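Here's the structure, in structure tokens; my notes come after.
Only a predicted model underlies this, so the values are computations on that prediction, with no experimental measurement involved.
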Amino acid sequence: MDVKKIEEDLDRLVKNCIQVVNVEELKVKLIRYYREGKPIKAKLGLDPTAPDIHLGHTIVLRKLRDFQYMGDEVILIIGDFTGLIGDPSGRNVTRKPLSRDEIEKNAETYRQQIFKILDPAKTRVEYNSTWLRELGSDGFIRLCSRFTVSQILQRDDFSTRLKENKPISVHELIYPIAQAYDSVMIEADVELGGTDQTFNLLLGRELQREYQQEPQICMTLPILEGLDGVEKMSKSLGNYIGVTESPKEIFGKVMSISDQLMFRYYALLTGVPDTELETWKSMISDNKLNPMELKTRLARTLIEQFYDAAEAEQAEIEFKHIFSERKLPEEMPVSFYNCEDQKIWIIKLIMQEGMVSSQSEVRRLIKQGGVYYKIISDFENVPAELPQSEMERVPDANFEVDACAPMALILKVGKKSFRLIKFINQPYPA
RNA sequence: GGGGAGGUACCCAAGUGGACAAAGGGGGCAGACUGUAAAUCUGUUGCCGAAGGCUUCAGAGGUUCGAAUCCUCUCCUCCCCA
């Protein structure tokens with residue numbers, strides 16, 4: 001048995017983890033894997049209500065992939081049972097219970113997104129309703145009887161909410177129990193989760209002991225900060241980068257993070273070693289390296305994880321084009337406008353194009369100088385490399401565009417919204 | 001079951017009869033600047049509009065010339081007692 005290899009594997013698995021309970025047991029399992037060929041079962045529970053995977057999730061997924069590289073089995077558990085009940089965590093927004101169909105749809109979405117990172121061949125997907133429904137209410141009550149209320153209330157967010165006089169629904173209390181039971185049913189060796197899952201993971205450990213199973217290793221990974229650098233990354237906060245977003249969007253979002261946050265993303269989302277990061281940091285403080293270049297590189301690296309190098313490069317070119325060289329995008333949404341009368345009120349046009357949600361907002365943007373336009377004499381002949389400086393600022397809310405076929409109008413509304421409007425002079429085909 | 005405290009805009013939070021489309025902070029958006037959509041500074045942040053108007057303070061009614069503010073009922077959250 002190769003002792004050195006085991007140490008290496010162990011190092012790799014433990015890297016980035018906030019906590020591993022406990023490393024010794026993990027080592028035992030590793031040794032047994034190499035000696036007897038018994039793969040480690042690594043478990044991750046998924047909530048079927050939020051099928052959009054973002055960078056925050058990928059930290060855990062990348063860790064799971066480490067297990068897969070070593071030949072281990074990854075078991076994803078779709079928490080459809082709890083999903084069927086409906087989870088009103090949060091305060092007054094009671095989420096409606098999901099139907100079978102919706103859950104199935106969400107699960108499918110999960111699969112598609114998750115396999116951008118995991119190896120489908122080494123991944124097993126299970127639904128916890130399989131065993132939880134079978135348990136029946138009497139079985140479930142018996143299961144609950146293994147825990148005490150104060151035990152459950154130890155969970156951080158429960159006790160916090162209790163202290164802050166915030167509501168806790170009864171069924172929220174039983175979620176961790178259901179999750180723990182999942183571990184028993186699949187006889188998990190390891191369960192992974194964000195640090196917010198620590199309690200749930202540990203509960204699984206305890207329940208397994210009750211069932212005379214070898215307790216699972218609990219690995220908690222950091223919760224990724226969102227684009228704002230403060231709140232955790234989440235869809236509802238809108239500070240996230242989804243794995244299905246277009247390369248262009250991902251690139252832009254990465255470039256918008258602070259220099260400080262960039263290093264955090266490097267550490268957690270890429271394979272760049274810490275020593276390298278330290279070097280970069282000192283180079284930046286010595287002014288030998290422009291942080292922007294590192295950020296560009298980060299953006300490309302991340303895009304490559306979900307797409308490929310060519311698309312990453314394309315996104316970079318596009319970004320530089322628009323924001324560094326301040327040119328118009330190579331491709332922008334095109335629409336046609338049938339102009340009968342000569343003058344078109346700019347606000348009406350922008351509203352019709354759906355570029356802004358309310359008229360007041362358009363007025364605001366214009367007043368603040370955030371709306372630009374450029375008239376092209378022939379829409380068949382829109383110049384490719386047009387600098388934004390050639391555009392003119394819309395002076396006031398009453399501004400009217402004087403254009404008709406075969407002209408075209410380029411609009412820039414706000415920082416990122418572009419539109420090419422081609423004017424035609426004929427009735428739409430019936 | 002009894003008693004008490006609350007529900008204000010995207011979020012937090014002030015406001016307890018008129019000067020309130022509603023302080024302050026966060027977030028968002030825009031401008032300047034730049035190294036980038038970093039940082040910083042400034043402005044802006046219900047809707048429609050030329051002025052002006054319209055709809056908002058958990059919901060429904062009511063009192064009043066006038067209500068986020070007072071009254072009644074309903075819904076929701078929390079605390080204490082049982």
Does [N] pair with anything, Watson-Crick or G-U wobble, both distances under 3.5 Å, and if so, with which nucleotide?
N: B:C75; answer: B:G7
N: B:G1; answer: B:C81
N: B:G24; answer: B:C12

Distance between [atom1] atoms of [N] and [M] (Å, rounded):
N: B:U40; M: B:U8; atom1: C1'; value: 33 Å
N: B:G31; M: B:A37; atom1: C1'; value: 14 Å
N: B:C10; M: B:U63; atom1: C1'; value: 34 Å
N: B:C57; M: B:A9; atom1: P; value: 10 Å
N: B:A13; M: B:A60; atom1: P; value: 24 Å

Do A:Phe379 and A:Ile421 pass the side-chain contact (heavy atoms from CB on, under 4.5 Å) test, and can you show the C-alpha distance, the side-chain angles, and the key distance before you say yes or no? CA-CA 9 Å; A:Phe379 72 63; A:Ile421 299 165; over 6 Å; no

Distance, rounded to the nearest Å, where [X] contributes [atom1] and [N] contributes [atom2]:
X: A:Phe418; N: B:A37; atom1: CZ; atom2: P; value: 11 Å
X: A:Ile322; N: B:U36; atom1: CD1; atom2: P; value: 14 Å
X: A:Lys253; N: B:A38; atom1: NZ; atom2: P; value: 15 Å
X: A:Met351; N: B:C47; atom1: CE; atom2: C1'; value: 10 Å
X: A:Asn239; N: B:G27; atom1: CG; atom2: P; value: 12 Å
X: A:Leu289; N: B:U36; atom1: CG; atom2: P; value: 14 Å
X: A:Tyr240; N: B:G28; atom1: OH; atom2: P; value: 15 Å
X: A:Met283; N: B:G35; atom1: CE; atom2: C1'; value: 16 Å

With nearest nucleotide decided by heavy atoms, which residue, A:Asn290 or A:Tyr372, maps closer to the 5′ end of RNA chain B? A:Tyr372

Judged by each residue's nearest nucleotide on RNA chain B, which is more toward the 5′ side, A:Glu361 or A:Arg326? A:Arg326

Please report the C-alpha distance between A:Gln388 and A:Lys412 in whole Å, then the side-chain angles of each, then the deciding distance to 0.1 Å, and finally whether the side-chain hydrogen bond (donor to acceptor under 3.5 Å, both in side chains) criterion is met. CA-CA 9 Å; A:Gln388 287 179 37; A:Lys412 182 188 178 209; 3.1 Å; yes

What's A:Ile257 touching, base or sugar-phosphate or nothing? Going by heavy atoms closer than 4.0 Å. sugar-phosphate

Could you check whether A:Gly252 gets within reach of a base, just the sugar-phosphate, or nothing at all, counting any heavy atom under 4.0 Å? base

May I ask you to evaluate whether [X] reaches the phosphate of [N], defined as a side-chain N or O under 4.0 Å from OP1 or OP2?
X: A:Ser358; N: B:C48; value: yes
X: A:Arg363; N: B:A50; value: yes
X: A:Lys415; N: B:U36; value: no
X: A:Ser258; N: B:A39; value: no

Steps toward side-chain hydrogen bond (donor to acceptor under 3.5 Å, both in side chains) verdict (A:Glu249, A:Ser246): CA-CA 5 Å; A:Glu249 282 171 303; A:Ser246 71; 3.1 Å; yes

Out of B:U36, B:C48, B:C29, minimum distance to the side chain of A:Phe319 belongs to B:U36

Any idea which of B:C47, B:G35, B:C29 is nearest the A:Arg364 side chain? B:C47

Whether A:Arg264 and A:Glu225 form a salt bridge (side-chain N of Lys/Arg under 4.0 Å from carboxylate O of Asp/Glu) is what I want to check. yes

Salt-bridge present (A:Lys253, A:Glu245; N to O < 4.0 Å): yes

Identify the two heavy atoms, one from A:Gln305 and one from A:Leu269, that lie closest to each other, and give their separation to 0.1 Å. NE2-O, 2.8 Å

So, does the side chain of A:Gln368 form a donor-acceptor pair with the base of B:G31 at under 3.5 Å? no

